[in-house]
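Step one of this worksheet: look at the structure below.
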Amino acid sequence: MKILVIGSGGREHAIIRKLKESPKAEKIYAAPGNGGISKDAECVDINVMDKEKMVAFAKENNIDLVFVAPDDPLAAGMVDALEGAGIRAFGPRANAAVIESSKVFSKNLMKKYNIPTAGYAVFDDPKEVMAYIEKQNKYPIVIKADGLALGKGVIIAQNHSEAQAAVKEIMEDKKFGDSGNNVVVEEFLTGPEVSVLAFTDGISLKPMVSSKDHKRAYDNDEGLNTGGMGTISPNPYYTDEMAEICRKTIFEPTVAAMNSENRKFKGCLYFGLMITSDGPKVIEYNARFGDPEAQVVLPRLKTDLVDIIEAVIDERLSQLDIEWSKETTACVVMASGGYPLSYKKGIEMYGLDENGQVEGVTVYHAGTKFENGKFYTNGGRVLGVTAAAETLDKALDKAYDAVKKISFEGAHYRTDIGKTK
Ligand code: AMP
Ligand code: GLY
């Protein structure tokens, strides 16, 4: 098969590495890919949002399967466009991807179908939001832009003035563009966070092994929210008992709810959960693999990913057994200095071999380019250095040993991945 993977980050690199293991994968393309990905796939320079060019490329090159990995093209109907042209594609259609692209939609869905989540209210007028927050008078309080904002549209306000600043930023200054036309104000929950990704064909759902993301920029969970600074799998807080509760109260009801709304979800459904004293609650849904969750979950997948993708597309997932390795994986993200705010690009990187790798680990490239035989930084998150071992401590040691061998000016990484709640 000829397979095209849409996207350019560490998640896409992890997907491509897993697809490469399949005897069915004869040729893999990435659009647009990145420097590290170019060592594993043929990169084609097509913007992830360009449906017309993507369809044309897939047709001209007889692509058998397209994996749409990022949120924006899913929300914009990339899968619909490919399917419309008779091309097989993995990922939800736009009417189902809305579970991620509109927090107002997902909160209302959970309320309607009794799926546990934080209490909330929705607003389109900044004055009304502040009146509501003042009436609640309970801090911290959580303020979220409705739409996609690269994981950064969530503000946890500790007091009235922070809430006011957040509302201004999102709704008046439009820091996240139209994503901030509506906001969701949520009650602040506490407890360990768990990411569970699941394959679903809209009929049955198969959860993958659990993982834990570290979203804040700095150690001890300080600093701004980022796309994710590191992950481990499995998540130590996710017991078998918790998995069973989640299956019954969250996972299966979500698949059923989407069907009831005539928005059948096919692809990878991501549950961002918080284990509260009141039981597990949904913090967010994503319509895709998490990044950097994919980097720790996919290496543990033993079943052929192409077989799973085909079973999802053909709606026969229930017939497939999916196997996972028992090892623990850890991914440490190396980011550009300044991320998630502004940062420089084009900085030369040292310590990687000619394939962009370091012995003993897998280096997933998130934001790099390869030019004249050298790797350069090309994004906020640059690398996801990932190791597997029998225990978490060993996996972390391996990952951090490799991180220390890699350098570029301004490089920043957290030193406590796998250590915090
Ligand atoms: P989200 O983009 O919705 O996943 O939110 C980003 C991060 O903000 C989450 O991973 C949580 O750490 C935090 N967060 C979001 N909603 C809440 C909430 N209701 N209570 C506490 N923390 C939250
Ligand atoms: N790492 C969180 C996400 O992919 O949304």
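When a ligand or atom number is given, it counts from 1 through the structure's own listing order.
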Heavy-atom pairs closer than 4.0 Å: do any link ligand 1 to the side chain of Asn225, the backbone, both, or neither? side chain
Which part of Val154 is near ligand 1, with near meaning a heavy atom under 4.0 Å away: side chain, backbone, both or neither? side chain
Per-atom contacts, ligand 2 versus Gly290 - under 4.0 Å to a heavy atom: 4 (O)
Could you tell me if Lys103 and Asn182 have a donor-acceptor pair between their side chains, going purely by distance under 3.5 Å? no
Numbered atoms of ligand 1 (with element) below 4.0 Å of Glu187, judged on heavy atoms: 18 (C), 19 (N), 20 (N)
Taking 4.0 Å as the limit for heavy-atom contacts, which would you say applies to Phe289 with ligand 2: side chain only, backbone only, both, or neither? neither
Got a salt bridge between Asp416 and Arg216, using NZ or NE/NH1/NH2 to carboxylate O under 4.0 Å? no
Assess whether a salt bridge exists between Lys144 and Glu186, defined as any Lys/Arg side-chain N lying under 4.0 Å from an Asp/Glu carboxylate O. yes
Under 4.0 Å from any heavy atom of Glu293, which atoms of ligand 2 are there? 1 (N), 2 (C), 4 (O)
How are the rings of Phe271 and Tyr285 set to each other: parallel, tilted or perpendicular (split at 30° and 60°)? perpendicular
Does the Lys NZ or Arg CZ of Lys138 fall within the cation-pi geometry relative to Phe188 - under 6.0 Å from the ring centre and within 45° of the axis? no
List the residues meeting salt bridge (charged side-chain N to carboxylate O under 4.0 Å, His left out) with Arg93, not counting sequence neighbours, and say none if there are none. Glu83
Examine Gly227 against ligand 2 and note whether any of their N/O atoms are separated by less than 3.5 Å. yes
From the options Leu197, Asp291, Asn286, select the one whose nearest heavy atom is closest to atom 4 (O) of ligand 2. Asp291
Note: Lys175-Asp173 ion pair, threshold 4.0 Å (strictly below): no
Given side-chain contact (heavy atoms from CB on, under 4.5 Å), test Met208 with Trp324 step by step and report yes or no. CA-CA 8 Å; Met208 304 183 210; Trp324 300 92; 3.5 Å; yes
Arg11 and ligand 2 - part of the residue with a heavy-atom distance under 4.0 Å: neither
One finds that the ligand 2 atoms under 4.0 Å from a non-hydrogen atom of Tyr270 are 2 (C)
Quick one: which of Lys281, Lys144, Lys103, Glu284 has a heavy atom closest to atom 15 (C) of ligand 1? Lys144
Go through ligand 2 atom by atom and flag the ones less than 4.0 Å from a non-hydrogen atom of Asp213. 1 (N), 2 (C)
Out of curiosity, Ile313 CD1 to Asp201 CG, how far, rounded to the nearest 0.5 Å? 11.0 Å
Pick from Gln295, Arg288, Lys215: the one approaching atom 3 (C) of ligand 2 most closely through a non-hydrogen atom: Arg288
Proximal ligand 1 atoms for Lys215, defined as those under 4.0 Å from one of its heavy atoms: 4 (O), 10 (O)
